[in-house]
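Here the structure is laid out as structure tokens; the discussion comes afterwards.
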Amino acid sequence: MKILLVEDDAALRGALEELLCREDYQVVKASNVRSAQAAMTSDIELVMLDVGLPDGDGVHLCRQWRIEGLQTPILFLTAKDEELDVVRGLDAGGNDYVTKPFRMQELLSRIRALLRRNQKDTAITRSGITLDKTKLQASRDGEALPLTVTEYKILAKLISERSIITRAALLDALWDVDSRFVDDNTLSVHISRLREKVGGSHIKTIRGVGYQWVD
Ligand code: CA
């Protein structure tokens, strides 16, 4: 498994490299936007991306890669308390983030979760709930779950991505498919109904950011 590590803090970069190598990941390092672009190849399976880089912004780089069609999971490394960076990063197509200083074990478990993801499946099962992506139906332990179309779409987005989904990204997803305006308050209502149907503990609220599926 090859990971591209983009971080300009040499001490942190060294520590992360050592940690990742111990876990048998292959690490490709970059310390700025330019070298990160040069190092990005199709065999990279995960990108760890610092936001503040000497020659640019990790969020812009992420957005650029997504525009170019890159689907590799991107994990942002954000500075402490920069909630705005988190929201920007996720909206730019990032999949998850860790806030510095982070615990190494937490970082490794986030990395494993992102690498396990496989969005190409037509059916996906989490915590006993199965989504049939071709029929747009959900079931729990084989029994159909009565969801509205909007609830299904929210659930599908949360379950299949498993990373934190911002409220804006959810609203975008709903808008795209329904061409019907779902506002912020309506989204909260849909989420609370969905929680009643699938179990409240599975849908975690990330304050000020959005929601995340929890197995
Ligand atoms: Ca930095």
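Order of appearance sets the numbers: ligands from 1, and atoms from 1 within every ligand. Since the structure is predicted, the reported quantities are computational estimates derived from the model, not experimental observations. We're numbering straight along the sequence, starting at 1.
Restricting D8 to its N/O/S atoms, the shortest distance to the Ca ion (ligand 1) is reached by OD1. The atom of D50 nearest to the Ca ion (ligand 1) is OD2, with the search restricted to N, O or S atoms.
In this structure a side-chain-to-backbone donor-acceptor pair under 3.5 Å is missing from R167 to G210. Side chain of H202 to backbone of V214: a donor-acceptor contact under 3.5 angstrom is found. Counting only distance, with no hydrogens or angles, the side chain of E151 and the backbone of T148 share a donor-acceptor pair below 3.5 Å.
For the Ca ion (ligand 1), the N/O/S atoms of G52 include one lying under 3.0 Å.
Comment: R88 does not engage D91 in a salt bridge, judged by the lack of any side-chain N to carboxylate O separation of less than 4.0 angstrom.
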